[in-house]
Each structure stands twice: as structure tokens, then as C-alpha cells.
Amino acid sequence: MGNVGAKEVPVLLSPEGLRIDGRKLDELRPLSIRAGALHQADGSAYVEWGANKVLAAVYGPREVHPRHLQQNHKAVIQCRYNMAAFSVDERKRPGLDRRSQEISKVIGEAFESVVFAEEYPRTSIDVYIEVLQANAGTRCAGLVAASVALADAGIPMADLLPAVAVGKVGGAIALDLKKEEDNFGEADLPMALVPQSGRLVLLQMEGHMTEPELAQALDLGVKGCREIYEKMKQALRDRYAVGPAGGVGA
Amino acid sequence: MSRGHRPAHRRRGREESSSRPSGERILVLPGEELPAHGLKPGPGTYRTGGKVYASVLGLLSTHPPVVQVIPLSGRYIPKPRDLVIGTVTDVQGTFWLLDIGAPRWAPLHMTGTPWKVDIGDTERFLHVGDAVAVEVENLDPTGRIGVTMMGDNLGKLEGGTIVHVSPARIPRVVGRGGSMIQMITRHTGAQIVVGQNGRIWVNGSPDAIRRVAAVLRLIDENGHRSGLTERVESYLLSTLPTSDVGPEEPRGESAGRLAPDDTPPFLGPTGPGPDPDERDPETNEPEGP
Amino acid sequence: MSEEIDAEIRTAHVLDLAAAGKRLDGRGPDEYRKITIEPGFVTTADGSALVRLGDTAVVAGIKLEPGKPFPDTPNAGVLTTNAELIPLSSPTFEPGPPQPGAIEVSRVVDRAIRAAETIDLTRLCVTPGEKTWVCYVDMHVIDHSGNLIDASLLAAVSALAHAKVPAKRFEIAESDYPLDVQHYPIECTFVRLGDTIVVDPTFDEERSAQGRLTVATDETGRVVAMQKGLVGAFSPEDVKDTVRRAFRHGEEMRVLAKGGRA
């Protein structure tokens with residue numbers, strides 16, 4: 001988490017309660033989502049969130065490779081989160097590192113909690129998340145993109161999964177951290193919500209908070225998730241809009 | 001939570017296909033609560049806490065006593081009696097494995113064909129890469145899809161090509177009472193077999209195939225929009241060959257492979273083929289007799 | 001969507017069309033799909049470009065970092081290229097170690113960049129024998145609809161053409177400066193469909209192809225790389241003819257790659 005011994009700690013919170021990029025404590029970064037951004041995948045989405053650029057694709061349900069991973073009574077959900085070498089300030093060696101593997105696991109488990117996998121026994125639902133440009137909150141951006149991609153692919157599930165990270169900057173609880181806030185702040189709490197049930201299916205924390213701070217952070221995160229949820233739904237409605245037909249080549 | 005299951009009966013009219021009397025099509029997303037007073041949850045929905053929610057992205061469809069969601073995207077989900085077009089991906093001693101674009105491959109057993117196949121001789125009849133038209137027979141609880149080649153309009157496909165569209169678009173490709181597919185056939189002279197799995201076999205002159213493929217692409221991209229029939233007709237009329245009338249000879253012999261002597265070649269009819277269960281173009285729901 | 005095994009009648013159809021001088025998407029045998037290039041797509045990279053070639057899409061990112069030169073070339077910088085064919089881009093790719101196809105794309109692109117001397121590696125040297133710039137060229141295929149080689153090199157060259165050496169960030173100079181690109185190699189890939197040799201194959205055309213030939217050219221009239229791939233054969237006349245076509249296409253694509261730069 002923080003850059004201990006970094007040259008200069010930026011001012012994360014002004015006396016007026018504004019953050020390093022001028023946002024209020026409960027304000028999200030600009031977020032745009034495009035469903036169906038790719039041609040080959042069964043479902044896909046492209047997300048620009050603050051300075052994050054994240055792609056997600058879903059293939060399946062399809063036959064399982066390798067076969068020994070097959071489950072008799074349900075689909076397996078295989079999730080792979082990866083960051084491009086050029087997506088971060090210091091070039092990242094290609095290949096899955098331990099951080100990516102952990103994130104792949106928690107995101108996969110979030111989807112397993114909502115996807116109706118029993119409808120497709122002995123198949124695989126493959127979820128791929130690729131971070132092209134990173135600026136904190138990539139696992140949340142990836143989850144949001146992948147969730148829209150799953151809906152785009154026609155995969156049955158209980159709900160879309162909005163996700164956001166809440167943190168603590170300058171002693172105050174703040175929604176949707178950007179890179180400097182993540183690096184120099186005191187805590188980072190990514191979470192994903194099932195709006196239909198009001199429950200969380202992804203929750204992690206780095207850093208430290210008091211009990212009341214944590215309660216406040218959870219409430220703020222849920223509020224942020226509900227805002228993000230509306231944008232996810234709109235992205236899907238835009239793609240599947242019912243309107244006048246175009247011509248050949250239109 | 002309890003999951004809905006497919007209704008056993010057939011529904012009636014198109015007007016009942018959506019929940020508004022105006023016939024307005026309502027898009028719903030996973031997690032959206034559905035109006036379900038006195039209705040049972042059907043496919044594409046789930047029930048929890050006394051309420052019914054959509055589980056897939058699709059069109060809301062209410063025909064008492066069931067409320068369901070018709071998916072607008074996703075892979076083909078097999079249903080018994082569907083005619084589907086598949087490609088042989090593997091050959092075993094007693095069966096062939098077919099890729100029909102479903103979540104799983106479908107085994108075609110040697111006894112499910114009109115041929116006399118000896119065990120181990122399967123390669124002689126169908127090899128990897130062959131295209132076939134088969135019918136879905138059954139689905140077992142493990143997801144295994146049983147298909148058969150016994151029946152009219154089923155068999156190995158020779159010549160022509162296969163065009164892929166989203167399975168959700170097939171009802172629009174066929175049209176109400178077969179109207180769309182008949183219009184396409186009439187204006188192109190092509191032989192067309194429509195697979196419910198989004199695979200469509202097209203045979204005819206190069207020009208006919210090209211125009212059919214263009215129309216299918218148009219329907220694939222615009223199937224959920226209004227005014228589509230007019231667009232399709234306008235394209236077909238504006239691209240009629242200036243030379244002459246009547247359907248041209250199909251180029252099956254030069255384009256296709258020669259079948260072994262004792263394999264009956266497939267001869268499809270023009271049009272959608274006799275299908276006892278015609279489907280509503282809006283919802284892919286079977287219409288009653 | 002593509003599946004691993006395609007129906008033979010579809011392959012035969014592609015070949016039939018080719019025999020009549022036609023293609024599935026209506027293009028002529030010597031026509032490229034629509035190309036769009038967005039330089040600077042990734043701001044965390046020192047140079048980048050998103051290239052769309054029809055439905056194929058590739059993102060290339062350049063990262064420059066100080067490092068040590070190789071012992072046998074103390075006055076030269078280091079250039080590394082890598083192409084990732086990520087599973088997100090195609091149902092036919094699987095996660096795991098790079099498949100031969102990915103390795104081939106990487107290496108064919110790398111050879112073109114090096115042989116053309118796209119960057120003068122001696123200009124990357126900071127202190128001979130001790131410190132030099134290491135230039136990483138990473139290409140990420142995000143949507144695979146055929147012809148990954150041409151799209152990847154185009155993305156790499158566009159990214160290099162718009163790259164800045166981060167000298168200020170690494171405290172090597174007062175300010176960042178543009179990376180000096182001296183040559184602009186462009187790769188053109190052709191496939192044989194029966195007797196016809198078509199340029200810029202789609203995924204379906206690659207599957208039906210009986211041989212593939214890639215020719216890289218630069219703006220000074222040199223051929224800087226060649227690769228014959230897939231199963232099939234080309235006569236010397238075929239090769240000469242495709243080289244001629246490659247020069248012509250290369251000129252057009254080079255303008256796009258430079259996009260706004262003199």
C-alpha cells in the first residue's frame with residue numbers, strides 16, 4: 001500500500017473537503033461503459049473509469065478445457081484478471097503474477113455467488129478481464145466490465161454486480177480512490193454488491209480503520225454501488241435498444 | 001430460491017407476447033423485478049422472497065399462468081424437436097460428435113442415422129468437417145444433447161455454405177408463418193435450411209448466396225428493431241439480378257464433396273421446411289395448432 | 001464467433017468465391033479492410049496506439065526504462081518486443097504459455113522492426129557500457145478477426161512514432177523528448193485461396209488458406225522481413241508479385257502510422 005519513503009506526500013484532502021482531483025468525498029470518478037465492445041466474444045464490455053481502461057470478455061457456456069476440471073452438476077466459472085505490461089507506470093512483466101491470481105480468484109468467487117451455474121452442467125463459463133491502463137480500482141472496474149459482459153453473453157444470474165473501492169484519505173472516508181489516494185491513503189476497501197439482495201459478494205481490505213469508520217465505509221460503498229448499477233444497466237439498454245432498423249451495411 | 005421451468009402447454013396469440021396491450025416490447029435485465037401477480041416463474045426468471053426477478057437479459061413475456069424472459073443473446077440452448085445444423089468435430093467407433101453452437105457438443109449415434117453403419121466404420125459416412133442437419137431428440141439432466149438424423153429434411157449437407165446468426169434472431173429470419181424466409185427464397189431462388197441454433201445452410205448461385213448472406217447479416221444486426229421487413233424487402237428488390245427470371249441452378253456439385261455411394265445426399269426443400277411447431281417471431285415461442 | 005473446427009463447405013465456399021475474384025465481405029483481392037489508428041490510447045505508456053483493422057484490434061504500448069546494455073554492444077540500447085494473443089481476443093486461444101502462433105507474430109514483428117532499424121539503438125545509449133534505455137514494445141491483441149501480424153506491427157510502429165523518452169522522470173535529462181524513429185516498416189500479409197492470392201485475410205480466410213506470405217517493407221524501398229506461414233506453397237513469381245503489392249500497400253499504411261508526424 002503506501003509508498004513509504006516517497007519523496008512527496010500530496011495533499012489528499014483540502015480544508016474545504018475536496019480531494020486531490022477536486023471531488024467530494026462521496027463522488028465517483030467519471031465512468032463510461034460500453035456493452036458488446038468486442039466481436040469474437042460471446043459477451044463483452046469496455047469500461048473507462050477515471051483513468052482506468054479495462055476490457056472484459058465472456059466465452060461460454062462451452063466445453064471445459066482441460067476436461068478434468070469439469071463438474072457434473074454445474075458449470076465451472078474460470079476467471080482470469082490480467083494487467084497489460086504497459087498498463088502501469090513501471091512496466092509489468094507479462095504473465096500472471098500472484099496479485100493477479102488472487103484477484104482472479106476473488107472475482108471468480110463473486111460471480112460464482114450469483115451465476116446460476118447449475119443450468120449448464122459440465123461446461124465452462126470463461127471470464128477474461130484485461131487492464132489496458134490502470135489508475136487504482138482496477139479489480140472493481142474489471143468486475144463491473146465482466147458483469148456487463150456476462151449479461152451481454154446471456155448468462156443467467158441473480159443480478160449485475162456493481163463494485164467500487166472505498167478508502168480513507170486525510171482521515172476521512174472517501175468513495176472510489178484514484179491512484180494517489182490509493183498509494184498515500186490509509187485504507188482501501190474494494191467491494192461488490194448484489195443489488196437485488198443488498199448483500200456483498202466481494203470484500204477485501206488493506207490498511208486500517210476503526211469500527212465506526214468501517215461501518216461508514218460500507219454504507220458509502222453500497223451507495224456508490226447503486227449509482228454504478230444504474231450505469232451498468234444503461235449500457236446494456238443502449239446496446240439492446242429497440243428502435244428503427246438500419247439498412248445493409250448500416 | 002426456486003427456478004422456473006419450461007411450460008408444458010403452448011401459448012396462443014402474438015398479442016399476448018408482451019405485458020402491454022400495445023404489444024410494446026420490454027427489455028429486462030438480470031436482477032430486475034418482474035410484474036408477477038398470480039403468475040408462475042418460467043424460463044429466464046427466478047423467485048425469491050415471494051418476488052420474481054429476471055435472470056437473463058431479454059424480452060419480458062407474460063402468458064398466464066407463466067411469466068418468462070426470452071433471451072436476446074447468448075449461445076443456442078437446445079430444445080427437443082429443434083432442427084439444427086452442426087459440424088462434425090470428432091469421430092468415434094459408434095458415434096460422431098457435433099458442434100451445434102450449444103454449450104456442449106452433441107453426440108450423434110450411428111443408430112440415429114438412416115445408414116447401415118458397422119461399429120468402427122463411422123468414418124466412412126461422416127468425417128471431421130462435414131456439415132449435417134439433425135433434430136434434437138432429448139436432453140438429459142447432465143446436459144447431454146441427443147440428436148438424430150432420422151427424419152425428413154435431415155442428413156448430410158453438400159455444397160452451399162453455412163451462415164451464422166445469433167440464435168435469438170432465428171424467429172425473425174423465419175418470420176410469422178414463414179413469411180420472411182419465403183420472401184428471401186422467392187427473391188433469390190436459393191435453397192435455405194434454417195437451423196434453430198443460428199446456423200443457416202444456403203445453396204444456390206454465387207449471387208443468390210451473396211444476397212441471402214447480406215440479408216441474414218441485416219437481420220442479425222437489426223432483428224430487435226422495427227421496420228426490418230421493409231428494409232429486407234427493399235434490399236432484395238434493389239439487388240435483383242437484371243438478367244433473368246427464375247431460380248438459377250444450385251452449384252452444389254462443383255462446390256460440395258461427393259458423398260460415398262450408399263450415403264443418401266441431402267436434398268432440402270426451399271423454405272423453412274414443414275415444422276409442426278411454428279414459432280412466434282417476436283419471442284421464439286411455439287404457436288399452437 | 002469462430003469455432004475450432006469449421007464446416008468444410010464453408011471453406012469450400014471461400015475458395016469458390018476466390019476463384020471468381022470475390023471475397024466473403026465483398027472486398028477485392030487487393031483490398032485492405034478499414035484501418036483506424038488511435039495514437040496515445042494508453043497514457044501510462046510512453047507511447048501507444050490502438051489499431052483496428054476491420055474487426056481485428058491490437059493495442060501496442062511502448063515503455064522505456066534505464067537499464068544496462070548488453071556486454072557485447074556497450075554503445076547500444078536494448079529493444080524487446082512481445083506480442084500477447086490473450087484468450088479474451090478469440091475463442092481459439094487458451095490461457096497459459098504462449099502458443100506457437102503468438103510466438104510467430106512476436107518474432108516476425110520484431111524482425112521487421114530490427115531489420116528496418118526503426119530506432120537507431122545507439123541513440124538510446126546514455127553512458128557507454130553502463131547505462132542505456134531499454135525500449136519495450138508490447139502488443140496486446142484484443143479482438144482476433146484475422147491478420148494479426150499486419151495489425152500488430154502497425155500498432156507497434158504507430159506507438160513508436162508517437163513515443164516520448166521519459167528522460168525527465170528518470171532524471172537523465174531536463175525534459176522528455178520524442179523517441180527518434182528513423183524508419184517505418186509496414187508488414188503486408190497475403191494468403192493463397194486456390195489460385196488467387198489475397199491481401200489482409202480475415203479469420204475465415206486464414207482458416208481456408210493454402211499458405212500465407214508476409215512481406216515487410218520500409219519507406220526506402222527495402223524488403224526488411226518475410227515469413228511464409230501455414231501449409232501451402234508459393235512460386236518465385238508469386239513472391240515477386242506480392243512484394244510489389246506489399247510496397248504499394250506499405251506506402252498507404254505508412255501515412256496512417258505516422259499520422260500527424262512529419
Side-chain angles (χ1 to χ4, degrees), chain B residues 73-76 85-91 96-102 105 126-133 156-167 193 195 197-207 209-214 217 220 239 251-258 266, chain C residues 1-29 31 33-34 52 54-57 87-94 143-146 191-196 198 201-211 230-232:
Chain B
S73 65
R75 295 205 167 206
Y76 165 65
I85 289 174
T87 305
V88 178
T89 61
D90 195 10
V91 183
W96 304 267
L97 261 187
L98 305 181
D99 172 11
I100 59 171
W105 288 336
L126 290 171
H127 57 264
V128 170
D130 275 340
V132 294
K156 182 171 166 182
L157 296 166
E158 310 272 16
T161 189
I162 296 174
V163 178
H164 290 196
V165 305
S166 164
V193 174
N197 58 342
R199 312 270 171 99
I200 300 164
W201 181 70
V202 185
N203 196 13
S205 70
D207 224 48
I209 294 178
R210 182 184 51 85
R211 291 166 67 220
V212 172
R217 195 161 41 242
D220 200 19
T239 57
R251 286 197 3 167
E253 289 70 23
S254 54
R257 307 173 57 88
L258 291 175
F266 174 66
Chain C
M1 277 165 282
S2 350
E3 310 297 336
E4 298 216 32
I5 306 251
D6 202 16
E8 272 172 11
I9 59 177
R10 297 185 90 211
T11 307
H13 182 62
V14 170
L15 295 174
D16 265 0
L17 284 175
K22 293 193 199 273
R23 299 167 78 169
L24 276 175
D25 55 10
R27 278 186 291 155
E31 219 180 304
R33 288 168 287 177
K34 179 167 170 217
R52 282 188 225 275
D55 286 350
T56 292
L88 172 145
S89 60
S90 174
T92 55
F93 293 155
E94 286 165 13
D143 213 347
H144 178 16
S145 191
V191 294
R192 172 187 292 290
L193 299 172
D195 291 327
T196 318
V198 304
T202 61
F203 188 92
D204 286 332
E205 289 173 332
E206 283 175 352
R207 263 213 286 225
S208 311
Q210 297 140 341
L230 301 180
V231 178

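Sequence lines set the chain letters: A, B, ... in the order given, protein chains first and strands last, and positions in each chain run from 1.
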Quick check: are there more than 12 heavy atoms from other residues, nucleotides or ligands sitting under 6.0 Å from CZ of C:R33? yes
Taken to the nearest 0.5 Å, the spacing of B:H164 NE2 from C:D6 CG works out to 6.0 Å
Say you draw a straight line from NE2 of B:H127 to CD of C:E8; how long is it, rounded to the nearest 0.5 Å? 4.0 Å
Using the side-chain contact (heavy atoms from CB on, under 4.5 Å) rule, take C:I9 and B:E158 through it: C-alpha gap first, then chi angles, then the decisive distance, then the call. CA-CA 7 Å; C:I9 59 177; B:E158 310 272 16; 5.9 Å; no
Exam field: side chain C:R10 to backbone B:T161, donor-acceptor pair closer than 3.5 Å: no
Quick check on the interface: out of B:T87, B:V163, B:I162, B:I209, who has the most heavy-atom pairs with chain C under 4.5 Å? B:I162
Proximal component of B:V88, with respect to chain C [non-hydrogen, under 4.5 Å]: backbone
